[in-house]
Amino acid sequence: PFFMFQVTLSYLKSDSEISLMPLVFVSNEQVSTIQDLSPTNVIAKITNEKDDVLGFLVEGYVLKNFRKALLKHLVDIGDSKKAGIFEWKGENLSKYINDEIIERTTLFQQRNQTMVFEGGVVLRFLNNVEKGILPEVELADLFKKQNTSNETTPALLGELKIKIERDDVRTAILAHQYVSNKRNMFDFTTDELMAFYENILLAEGEMKDINDRDESVEVVKKLSVNYLQMMEFLGKRLGELHVAVGNEHNSTPAFRPETVNELGRRSYYQTMRESIMRSFGIIEDKLNLIYADSSDSRFNFFDLKKKVIEQLNELLKMEMGWKKIRVHGNFELRSILFTGRDFVFIGFGGSSIHRLSTRKIKKHPYFDLATLINSLQKANEHCRKNKSIAVKEADRIEKWMTLWLLECASSLLSGYNSAVETSHSIPNTQNAGHSKLLFLFFVERILDTLTKELMEQESLYACSTIAMLNKMLKEESHGPF
């Protein structure tokens, strides 16, 4: 048996949060394995008056028997639509589940409280059970109204709702159809990068005389031709999603584009400037501690800071209108599944750790593009830190890292522009002003990432990231920005 505990967190200056926690009682013998694998999921120890240990309460997510029991329970609820305080809204899961799938080994992804039943369904517990319609549900309703089949997001099968009070019913679990895929794009990209770097190092002797940038770019294109084609197709798919959710004829207010007036534009820039300057302040303080004896690193940083401020000031003077739309919100490589022939985007609306009001904020469509390009840079740094490339080798390929990122961004934007060229709501990045705006979105994202890294630990590659941004600014006429 398992129990569903409702946990309410009350705050003095904001709305309360409600979470659901499935708890299962396990014996002393069972808990040792759980403590070894995932100790944070052991919630409490149960004792009697003599302090004898009777057992433990653990989060049900980590137990295979719980996952199987929950799935069977959802199928049963689907038949009657209601069971006590729970209500099922959507398709009957029995269409997608059979005994083989239920018995099959299931996977629990703790970072987003997701249960994956391969070949059947994906169940996601919400971190915060809020009032309102979830972004994933709104997106499914939008495509239904448009009478279009959308292959870039998983099909929504239904939602398990829980009655908090008499007239207060909220979504606790989302069910999507399982999408057969090879892997997420972050893992695919790091493998691609390792192959690229190994080829660069092997051919270094032949390429030592290549100083011309155009020749270097041709090397990158030759070694990464298949991946660059994938990036172009991925950009096209993202553009198609933006066109669909940003269609000016959408009858759903939640997806109707909003025109940004002059006051809104200046407010947007001011918010971006404050974010960038805040990151610069933290990075400067950290670099002064980490690289106190290195005048070169500080010079590179101050050079970058000066150039970015110039870009911000120049952009403020440009007359350029745009519209805000609903965006994916967390369009990183890990949110993209590669099926072998196409891409599927998961997690529309951003992370569920954020409040619904935050997940539904309309933004410039370039927010997703900048997030993805920043994620490509994260994959770059991940290979430098966690793979088999030695530090001395990383220094030798630093030039190629920047070129690879720029070519990926160029391919991505080429595909994106081809998909949005007839849209009245989505700007084309080939416009000079919009191109600069995209670069500043990217700078904001990458500085935010670097700031978080420096706050948590000393970043070994802080200066290489700064050098990469400096190169982009020096060669902006060559790159996608």
Side-chain angles (χ1 to χ4, degrees), residues 1-9 16-24 41 43 58-97 101-102 104 106-141 153-165 168-179 330 335 344 346-356 359-360:
F2 65 89
F3 307 90
M4 196 72 76
F5 278 73
Q6 176 182 316
V7 180
T8 302
L9 300 176
S16 62
E17 293 183 3
I18 296 177
S19 297
L20 293 181
M21 182 182 295
L23 296 182
V24 179
N41 293 110
I43 303 301
V58 303
E59 287 188 280
Y61 306 117
V62 296
L63 300 173
K64 181 178 179 180
N65 285 339
F66 163 77
R67 299 194 290 262
K68 289 164 56 178
L70 175 65
L71 190 58
K72 289 181 178 179
H73 189 56
L74 291 179
V75 172
D76 292 340
I77 294 177
D79 290 331
S80 59
K81 296 298 182 184
K82 288 189 178 182
I85 62 172
F86 293 103
E87 176 185 346
W88 176 257
K89 182 180 179 182
E91 297 187 50
N92 193 317
L93 293 186
S94 61
K95 298 178 183 178
Y96 305 92
I97 297 297
I101 289 175
I102 290 178
R104 191 176 297 164
T106 59
L107 172 67
F108 170 59
Q109 300 171 353
Q110 186 164 347
R111 68 184 180 90
N112 55 6
Q113 294 181 300
T114 299
M115 300 179 192
V116 180
F117 296 82
E118 293 188 21
V121 300
V122 176
L123 303 179
R124 182 159 65 86
F125 277 75
L126 301 180
N127 300 77
N128 183 15
V129 181
E130 287 187 84
K131 287 183 179 179
I133 305 174
L134 296 172
E136 297 92 336
V137 177
E138 290 179 325
L139 184 67
D141 289 342
T153 57
L156 178 68
L157 301 182
E159 46 188 328
L160 181 69
K161 292 181 170 289
I162 180 172
K163 184 182 291 185
I164 305 297
E165 295 176 357
D168 186 0
V169 180
R170 308 182 185 187
T171 302
I173 299 176
L174 277 181
H176 286 95
Q177 187 171 3
Y178 175 79
V179 176
N330 189 32
S335 297
V344 175
I346 58 177
F348 180 81
S351 173
S352 60
I353 65 172
H354 300 301
R355 291 185 177 272
L356 272 181
R359 296 180 66 197
K360 294 184 178 186

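Please read these numbers as outputs of a predicted model, since none were measured by experiment.
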Walk me through whether Leu74 and Leu123 qualify under side-chain contact (heavy atoms from CB on, under 4.5 Å).
CA-CA 10 Å; Leu74 291 179; Leu123 303 179; 3.7 Å; yes
With Lys95, which residues qualify under salt bridge (charged side-chain N to carboxylate O under 4.0 Å, His left out), at least two apart?
Glu91
Taking Ser335 for its side chain and Asn330 for its backbone only, find out whether a donor-acceptor pair lies under 3.5 Å.
yes
In terms of heavy-atom contacts, Ala175 and Trp88 come closest through CB-CH2, 3.7 Å
For residues Val75 and Ser94, report the shortest heavy-atom separation together with the two atoms involved.
CG1-CB, 3.9 Å
For a side-chain contact (heavy atoms from CB on, under 4.5 Å) check, start with the C-alpha distance between Asn128 and Leu9, then their side-chain angles and the critical distance, and finish with the verdict.
CA-CA 10 Å; Asn128 183 15; Leu9 300 176; over 6 Å; no
Show, in sequence, the C-alpha distance, side-chain angles and deciding distance for Ile346 and Val179, and conclude whether the side-chain contact (heavy atoms from CB on, under 4.5 Å) test is met.
CA-CA 10 Å; Ile346 58 177; Val179 176; over 6 Å; no
If you measure from CD1 on Ile162 to CD1 on Ile18, what distance do you get to the nearest 0.5 Å?
8.5 Å
Between Ile101 and Gly119, which heavy-atom pair has the shortest distance, and what is it?
CD1-O, 3.5 Å
Restricting to side-chain contact (heavy atoms from CB on, under 4.5 Å), what partner residues turn up for Lys131, sequence neighbours left out?
Asp168, Arg170
Rounded to the nearest 0.5 Å, how far does CD1 of Ile133 lie from CG of Leu139?
13.0 Å
Can you sort out the partners of Gln6 under side-chain hydrogen bond (donor to acceptor under 3.5 Å, both in side chains), two or more places apart, ordered by chain and number?
none
Roughly how far, to the nearest 0.5 Å, is CE of Met21 from CG of Asn41?
9.5 Å
What I want to find out is whether Lys89 reaches Glu87 closely enough, with some N-O distance under 4.0 Å, to be called a salt bridge.
no
Atom CG in Leu63, atom CG in Leu23: separation rounded to 0.5 Å?
10.5 Å
side-chain contact (heavy atoms from CB on, under 4.5 Å) against Ser19, all qualifying residues, sequence neighbours excluded:
none
Tyr178: which residues meet the ring pair (Phe, Tyr, Trp, His ring centres under 6.0 Å) condition with it, sequence neighbours left out?
none
Which word best sums up how the rings of Phe125 and Phe66 line up, parallel for under 30°, tilted for 30 to 60°, or perpendicular for over 60°?
tilted
Atom of Thr171, atom of Val129 and distance for their closest heavy-atom approach
O-CG1, 3.5 Å
Apply side-chain hydrogen bond (donor to acceptor under 3.5 Å, both in side chains) to Glu130 and list each qualifying residue two or more places apart in sequence or on a separate chain.
none
With sequence neighbours excluded, residues passing side-chain hydrogen bond (donor to acceptor under 3.5 Å, both in side chains) with Glu136:
Arg124, Arg359
Just jot down the salt bridge (charged side-chain N to carboxylate O under 4.0 Å, His left out) partners of Glu138, sequence neighbours excluded, or say none.
Arg326, Lys360
So which atom in Pro135 and which in Gly349 form the shortest heavy-atom distance, rounded to 0.1 Å?
CB-CA, 4.0 Å
Report the C-alpha separation of Met115 and Leu71 in whole Å, then their side-chain angles, then the decisive distance to 0.1 Å, and conclude whether the side-chain contact (heavy atoms from CB on, under 4.5 Å) test is met.
CA-CA 10 Å; Met115 300 179 192; Leu71 190 58; over 6 Å; no
Can you list the residues that meet the side-chain hydrogen bond (donor to acceptor under 3.5 Å, both in side chains) rule with Thr153, with sequence neighbours excluded?
Asn150
dist Ile173:CD1 -> Thr114:OG1 (nearest 0.5 Å) comes out at 11.0 Å
For the residue pair Tyr61 and Leu20, what are the closest heavy atoms and their distance?
OH-O, 3.6 Å
